[in-house]
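Heads up: the structure comes next, in structure tokens.
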Amino acid sequence: MANTRFIHIVIIALFVIMASSAQSAWAQDTSHANPRVVDEVQSLPDPNDAPDPNDAPNIVDASDDEWMLLPSATLREVYEDDNPEYAGAQHIENQNIDDAETQIAKVDADTSTDDIRLPNPEYSIESIHIAGNSYTSQKRILELMDLDGRDAIHMTLEELEDCRIRLALTGRFEHVEMKLRPGKESSSLRIDLNVEERSPIQVNQYYIGTDSKSTYWHGLDVTWLSMFAPLDRMRMVYAATSSNDYTLDLSYYVPSIAKLPLSLLFNIHTMNGHEGIYGPSFGQRGNRNDDFVHLDDIDFQRHGATIGMSYGITKDFRVFLRTSYDRIHRHHQLDALAHDLNHFLKRNWSNHFDLGAMVAYDTRSGHQMPSNGHVVQFGISGTFKTKASNYQYIKMILMHQSNIQLGSPVHLLRIGTFLGGILGDAPFFEKFFYNDFYDLAPARIGILNPSSRGAFDIFSTGAKSLSYEDFLARLSISYAWQPIEQRVEFFGLVSAIWANSDKDEFIQIANKNNAKRDVFPVDMSFNLGVRMRTEYGLFSLTLAHIFNLIPR
């Protein structure tokens, strides 16, 4: 009774605090001005001091040196939730433009920047030439820049920069470069727009493997730009195995509401799976043996939905909230084990409703192959027994990653930590799955565990018997070499992982491999591989991928 009251108080207090934080953020100035980035400014015609139109040398034959360059925006993938255990925002992703102060390049050292002024009057746009587009029409590009349907266009340089940033923020382009040069008239400009398109479909990851549980298993994680709005994105995670397990997860993500740093996520998911049940064998006299044997399987179906939101208090600091509901059916298990399995998944039909919140501070240059910056996250979620939930628990995570340049931008050291704990009885898919953190073992795909293959056990501590645990800690160190900065990197990683449960493990789920665990099941993990950013997403080849294809 005391534990129940404590859990109720903690959850209620959490959301009072989060609501207060959100209210304070809304009360602040919500103006979200676009950043201004100007690398080089050369002479442009000034309508207030227009020369004689017949004075040709001043207004025609502009050379490349007389162009004003508005450089490409740097698209940054904002990290939402690297931890697949934290369901609250695991599919939330965003692209943003780093804030930058106006800079003027090629200024003599003895010239004060206070004496420099950017021209601010309106110019008439004489022509717009677009290059680099192959599947996005010029009409569509002008629509995204809000420059379509006008007989005459008159804009300031700041408004033109807004148009370029608006185009970059659609996520359709890797780079957007705008060059301006004087037109034939004294106050006119000609625009040359060069774009580098991104594929409208991004393959986040493709999974394939085989093992003793399934002849094969495969999956696909793909994101594509929405046809409804230029900024919205959709995502699908699909996986299936030869043993009739499957999962399908669909998400729709809106990165900005009314030009505010407010994002929304809508998700629906369905899955059918089974997990192995392992326990100690007993002799004829009822004596317990140390070896674990396969007793039966948990067969289950799970259908549900998630709604999440995030609010950017600053460029680097965000707050996430989410709620989810699942309807779960567990069947086909030994009657003798029904009670022992209840702390993994309730028997027959059960409801799972939970609430979650997370705060994240992220200064990294990207989440796929960051070359600098740090990220710190703290998340808490949970539920208590009501008509909408048959479970009661509190789950907390704390993670950190630092990216350190070693004297050169191409040599990087990445240090990461993760701590997680669960108090109470959470369904097994909310627990920390050990293989999600073990670099050479297959992780879950869409919260489906397709493999019965356990991790290695280098120190013979029973770590290969770990699966869904209540407590987990990890420390990892990685070295990366980027010969082509943020395009290609070769990396090596070493980590130490510890996990355990607060339950007396007479019954365990998945990946037991006939092994028992010591009091302190710690193990080392390692990996080597290469990552490449392509037009269609991130390509990665590691030892883990090769290991997954070896029958065992």
Side-chain angles (χ1 to χ4, degrees), residues 6-7 9-18 20-22 78-93 308-314 316-324 354-364 367 370 373-383 393-404 413-426 428-439 443-444 447 466 468-478 493-502 520-525:
F6 171 75
I7 292 175
I9 293 174
V10 170
I11 292 178
I12 294 173
L14 165 69
F15 284 95
V16 169
I17 294 172
M18 298 308 300
S20 300
S21 300
V78 175
Y79 175 86
E80 302 290 2
D81 189 6
D82 266 350
N83 172 28
E85 297 294 338
Y86 187 71
Q90 74 180 53
H91 297 305
I92 295 183
E93 57 186 12
M309 61 163 286
S310 70
Y311 187 85
I313 297 178
T314 67
D316 301 321
F317 184 74
R318 298 187 72 86
V319 176
F320 303 92
L321 298 173
R322 70 107 175 94
T323 181
S324 65
D354 71 338
L355 299 169
M358 183 177 70
V359 292
Y361 179 74
D362 191 353
T363 62
R364 295 177 300 171
H367 80 281
H374 311 270
V375 59
V376 179
Q377 289 185 335
F378 174 74
I380 183 169
S381 61
T383 185
Y393 66 91
I394 293 177
K395 177 180 178 180
M396 292 173 286
I397 64 168
L398 176 64
M399 68 87 63
H400 163 264
Q401 185 191 79
S402 295
N403 300 276
I404 305 170
L413 184 67
R414 298 187 179 122
I415 301 175
T417 56
F418 180 91
L419 296 172
I422 295 176
L423 301 175
D425 285 338
F428 75 90
F429 53 80
E430 284 292 321
K431 294 176 180 286
F432 302 107
F433 184 49
Y434 185 73
N435 280 2
D436 284 340
F437 301 87
Y438 201 93
D439 299 284
R444 283 181 288 181
I447 320 180
L466 293 168
Y468 298 97
E469 307 301 328
D470 292 327
F471 303 97
L472 188 140
R474 169 173 167 150
L475 172 65
S476 62
I477 300 176
S478 176
L493 179 145
V494 177
S495 65
I497 312 174
W498 170 85
N500 216 327
S501 177
D502 63 350
F520 196 75
V522 64
D523 200 16
M524 298 293 294
S525 178

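These figures come from a predicted structure and were not determined experimentally.
Here CG of Leu423 is found 12.0 Å from OH of Tyr393. Values are rounded to the nearest 0.5 Å. Rounded to the nearest 0.5 angstrom, Gln401 CD and Phe418 CZ are separated by 13.0 Å. Distance check: Phe437 CZ to Ser476 OG gives 10.5 Å after rounding to the nearest 0.5 Å. Going from atom CE of Met399 over to atom OG1 of Thr417 covers 7.5 Å, rounded to the nearest 0.5 Å. Note that CZ of Arg414 and CD1 of Ile404 are 11.5 Å apart. Values are rounded to the nearest 0.5 Å. Remark: Lys395 NZ to Thr383 OG1 distance equals 13.0 Å, nearest 0.5 Å.
With Tyr468 as reference, Phe433 is the one residue of Tyr434, Phe433, Phe429 to meet the ring-ring contact (aromatic ring centres under 6.0 Å, His included) rule.
What you find for Ser381 and Arg322 is that their closest heavy atoms are CB-NH2, 3.6 Å. Residue Ala473 comes nearest to Leu419 through the heavy atom pair CB-CD2, 3.6 Å, listed as atom of the first residue, atom of the second, then distance. The nearest pair of heavy atoms linking Ala360 to Phe320 is CB-CE1, 3.8 Å. Taking all atoms of both residues into account, the shortest heavy-atom contact from Met524 to Ala496 is SD-CB, 3.8 Å. The heavy-atom pair separating Ala426 from Lys431 by the smallest distance is O-CE, 3.4 Å. Annotation for Arg364 and Pro370: closest pair CB-CB, 4.1 Å, computed over non-hydrogen atoms.
Considering only heavy atoms from C-beta on, Asp362 stays 4.5 Å or farther from Arg318 through its side chain. You'll find the side chain of Arg444 reaches within 4.5 Å of the side chain of Asp436, heavy atoms only. For the pair Leu472 and Trp498, the minimum side-chain heavy-atom distance is 4.5 Å or more. Side-chain contact check for Glu430 versus Asp354: some heavy-atom pair is nearer than 4.5 Å.
Residues satisfying the side-chain contact (heavy atoms from CB on, under 4.5 Å) criterion with Ser525, sequence neighbours excluded, are Tyr438, Asp439, Ser495, Ile497. Not a single salt bridge (Lys or Arg N to Asp or Glu O under 4.0 Å) links Asp523 to another residue, sequence neighbours left out. Remark: Phe378 engages no residue in a ring-ring contact (aromatic ring centres under 6.0 Å, His included) (not counting sequence neighbours). The side-chain contact (heavy atoms from CB on, under 4.5 Å) check on Asp425 picks up His343, Lys503, with sequence neighbours excluded. Under the rule for a side-chain contact (heavy atoms from CB on, under 4.5 Å), the partners of Phe317 that lie at least two apart in sequence or sit in another chain are Ile313, Thr314, Val319, Val359, Tyr361. Residues meeting the side chain to side chain donor-acceptor pair (under 3.5 Å) test with Ser478, sequence neighbours left out: none.
If you check the side chains of His374 and Ser402, you find a donor sitting under 3.5 Å from an acceptor.
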